[in-house]
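A short write-up of the structure that comes next.
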Amino acid sequence: MFESHQGPSMNQRIFELGLPMETVSLYLLCCGILDADLTLSAKNILERWNGSEEDFRKSAQELEKRNILEKALSDGDGNGNSVFRLKDIHGWR
């Protein structure tokens with residue numbers, strides 16, 4: 001259903017976008033989860049996230065707005081079963 005992850009996912013351009021520290025941290029965490037061959041789910045992210053759930057949601061929204069992260073599968077009820085994917089750098093805003 002989802003594409004297989006290959007190679008390191010982190011792109012240095014994330015540091016040039018002027019994003020808040022929490023948002024960059026979320027991006028780096030997502031990259032680490034993918035590099036460990038784990039599903040990029042809200043559950044897996046929140047198990048490793050050091051901030052509040054509200055900070056996670058704000059940061060995820062910012063990454064989605066910038067076309068860096070997209071919700072690939074939504075649980076619709078907020079139970080942490082949403083699955084995300086990192087977008088290609090060429091579409092970042």
Salt bridge (charged side-chain N to carboxylate O under 4.0 Å, His left out) partners of E64, counting only residues at least two apart: none

For the residue pair E47 and L38, establish whether any side-chain heavy-atom pair is separated by less than 4.5 Å. no

For residues 17-31, dump all side-chain donor-acceptor pairs below 3.5 Å to protein atoms at least two apart in sequence or in another chain.
residue, atom, partner, partner atom, Å
S25, OG, M21, O, 3.0
Y27, OH, S9, O, 3.4
Y27, OH, N11, N, 2.8

Are any non-hydrogen side-chain atoms of L63 and F84 less than 4.5 angstrom apart? no

Give a yes or no on whether D88 atom CG has more than 12 heavy-atom contacts from other residues, nucleotides or ligands under 6.0 Å away. yes

Spacing of CG belonging to L86 relative to CG belonging to L69, to within rounding of 0.5 Å: 6.0 Å

Name all residues meeting the side chain to side chain contact (heavy atoms under 4.5 Å, CB included) criterion together with E16; count only those two or more places apart in sequence or in a different chain, and write none if there are none. R13

Checking N67 side chain against R93 main chain: does a donor-acceptor pair fall under 3.5 Å? no

Between NZ of K58 and CD of E53, what distance do you get to the nearest 0.5 Å? 13.0 Å

Can you check whether K87's main-chain N or O pairs, donor with acceptor, with W92's side chain at less than 3.5 Å? yes

Can you list everything that forms a side-chain hydrogen bond (donor to acceptor under 3.5 Å, both in side chains) with Q61? Sequence neighbours excluded, please. none

Report the residues that fulfil salt bridge (charged side-chain N to carboxylate O under 4.0 Å, His left out) with K65, sequence neighbours left out, ordered by chain and then residue number. E62

How long is the span from the CG atom in L40 to the CG atom in L34, to the nearest 0.5 Å? 4.5 Å

